[in-house]
Amino acid sequence: MIKFRISSRQVYAVVGYGLLLVFLLWPDRFASRYEYIDGEEIYDQLVRKTTKNVSLMRNGIRCDYSDVIEENVYLYRRPFTEEIINNNVKLGGEWYPEDCLPSFSTAIIIPYRQREQQLGQFLMYMHNYLRRQRIHYRVFIIEQYDPKPFNRAKLFNIGALIAMKLDYPCLVLHDVDLMPQNLGNLYACSQRPRHMCSSLDVFRYNLPYRGLFGGATAIQSNQFMKINGMSNMFSGWGGEDDDFFARLKNKKIDICRFSPQYSRYTMLKHRKEKPNKDRVAFLRNGHLRYHSDGLNSLVYKEVGYRLDNLFTHVLVET
Ligand code: UDP
Ligand code: BGC
Ligand code: MN
């Protein structure tokens, strides 16, 4: 007769591999739970506000958004090869529906440098995506021209100032490599600033920590002004979004998220950027600079401003 002896090491190994298997096959299992706005509440949470030129358009009926939210259609395919349907995007990457009066005007602001392929995919997908949402929007690409470490937050500040001058009441601050997968994630501002991409594939659709406020966020222009925008001092990767979150907290502005079904994103593949070694220190003493570092201290040089077919292209030295 053969006798099996199981050592405690083997037991640990079996349990360990079992957990690993659950982890791999069941991505949501270890999701950190977070408070969210459910599908039925989304519309009521949105701030209905447009630029003046759009609100002055006099074609009667208001656009209806209930189908977009309720159906929350899954749209993303990789690669996304759909042509930009009936190419009626205005020069500068602006669009609004012609057959109804939109309730939302959103400036989509993308910090950018040397990601040509991603930019191509982003534009092709997002113009299709956003027009299906029937909102009024305009895409701004804020490109860092100089070779200094990339300064994402400063580029957002620049884009925000330009968009606010053009009367946009709502800013979406968005990485070029993020694609929203479901259509119900309306690119409009909620009353509270919103972390839009809380369910991201590279994090296995989990939220790594509750204070994560990066990737894609929507914030009303007046709220962005109230916190003096973002810091201009984070150059290189990391921390600037955490400082953004801290600024909101400092002004007692709570953030929100939509439920995971509405917040799914996929990130296009790229190599990891070099982290900023000072980011933790900057973050720790960031509160000392909220009033002096931001929109009110923004210095940059505009090297180019061009209305491209699919976006407004602002080239800057940071
Ligand atoms: N970015 C860019 N060029 C760079 C670095 C960053 O255009 O060299 C922009 C781009 O929009 C990108 C965003 O900044 O999506 C955030 O950087 P990254 O994707 O590297 O951050 P992570 O994916 O690590 O959060
Ligand atoms: C960084 C953030 C980043 C997050 C997720 C944090 O450690 O400080 O800037 O968005 O990780 O990658
Ligand atoms: Mn990325």
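Note that these values count all heavy atoms, side chains included, but never hydrogens, waters or copies made by symmetry. Both counts, for ligands and for their atoms, begin at 1 and track the order of listing.
- Taking the six-membered ring for Trp and the full ring otherwise, the centers of F156 and F224 sit at least 6.0 Å from each other.
- Looking at atom 11 (O) of ligand 1, its nearest protein heavy atom turns out to be P111 O, 2.8 Å.
- Atom numbering of ligand 1 starts at 1 in the shown order; those under 4.0 Å from a heavy atom of M267 are 23 (O).
- Contacts with ligand 2 closer than 4.0 Å are made by no heavy atom of L283, backbone or side chain.
- Taking the Mn ion (ligand 3) as the corner point, the angle from M267 atom SD to H270 atom NE2 is about 100° (rounded to 10 degrees).
- Nearest to atom 9 (C) of ligand 1 by heavy-atom distance, out of F150, Y112, F122, is F150.
- Using a 4.5 Å heavy-atom cutoff, the side chains of M233 and S235 are not in contact.
- There is a side-chain donor-acceptor pair under 3.5 Å between Y265 and N185.
- In terms of polar-atom proximity, defined here as any N/O pair under 3.5 Å, H270 does make such a contact with ligand 1.
- Atoms of ligand 2 found under 4.0 Å from any heavy atom of G239 (numbered from 1 in listed order, with element): 1 (C), 2 (C), 8 (O), 9 (O).
- Near W237, with a cut-off below 4.0 Å to any heavy atom, the atoms of ligand 1 are 21 (O), 22 (P), 24 (O), 25 (O).
- Ligand 2 lies within reach of G238, whose nearest heavy atom is under 4.0 Å from it.
- The aromatic rings of Y129 and Y187 lie perpendicular to each other, with more than 60° between the two planes, well past the 30° mark.
- Proximity of the aromatic rings of H127 and Y137 is defined here by a centroid distance below 6.0 angstrom, and this criterion is met.
- Under the 3.5 Å distance criterion, with hydrogens and angles disregarded, no donor-acceptor pair is assigned to the side chains of H313 and R306.
- Nearest to atom 4 (C) of ligand 2 among the protein's heavy atoms is Y209 OH, 3.5 Å.
- P193 places a side-chain heavy atom less than 4.5 Å from the side chain of L248.
- Closest approach between the Mn ion (ligand 3) and any N/O/S atom of D177 involves OD2.
- Heavy-atom contacts of D242 reach the following atoms of ligand 2: 1 (C), 2 (C), 6 (C), 8 (O), 9 (O) (cutoff under 4.0 Å).
- With respect to atom 18 (P) of ligand 1, the closest heavy atom belonging to the protein is R115 NH2, 3.6 Å.
- Residue, atom and distance of the protein heavy atom nearest to atom 12 (O) of ligand 2 are W237 CZ2, 3.6 Å.
- Annotation: salt bridge (charged side-chain N to carboxylate O under 4.0 Å, His left out) contacts involving residues 95-107, sequence neighbours excluded, comprise K90-E98.
- Set against the non-hydrogen atoms of D241, the atoms of ligand 2 under 4.0 Å away are 2 (C), 3 (C), 9 (O), 10 (O).
- For the residue pair R78 / T266, a side-chain donor-acceptor distance below 3.5 Å is found, with atom types taken as modelled.
- By the 4.0 Å heavy-atom criterion, Q114 is excluded from the residues contacting ligand 1.
- Counting protein heavy atoms only, atom 7 (O) of ligand 1 is closest to R113 N, 2.8 Å.
- Of all the atoms in ligand 1, the ones that sit under 4.0 Å from a non-hydrogen atom of D177 are 15 (O), 19 (O).
- Taking a cut-off of under 4.0 Å to the non-hydrogen atoms of D175, the atoms of ligand 1 that pass are 11 (O), 13 (C), 15 (O), 16 (C).
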Candidate pair E273 and R115, rule salt bridge (charged side-chain N to carboxylate O under 4.0 Å, His left out), full reasoning: CA-CA 12 Å; E273 298 293 337; R115 300 256 182 126; 2.9 Å; yes

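- Aromatic ring pairs are classed by plane angle as parallel below 30°, tilted from 30° to 60° and perpendicular above 60°; the pair Y34 and Y36 is perpendicular.
- Y300 and N151 form no side-chain donor-acceptor contact under 3.5 Å, judged by distance and modelled atom types alone.
- Considering backbone and side-chain N/O atoms, R152 never comes within less than 3.5 Å of an N/O atom of ligand 1.
- Annotation: I110 places no N or O atom under 3.5 Å from an N or O atom of ligand 1; distance criterion only.
- Ring-plane geometry between H136 and Y168 is classed as tilted, the angle between the planes lying from 30 to 60 degrees on a 0 to 90 degree scale.
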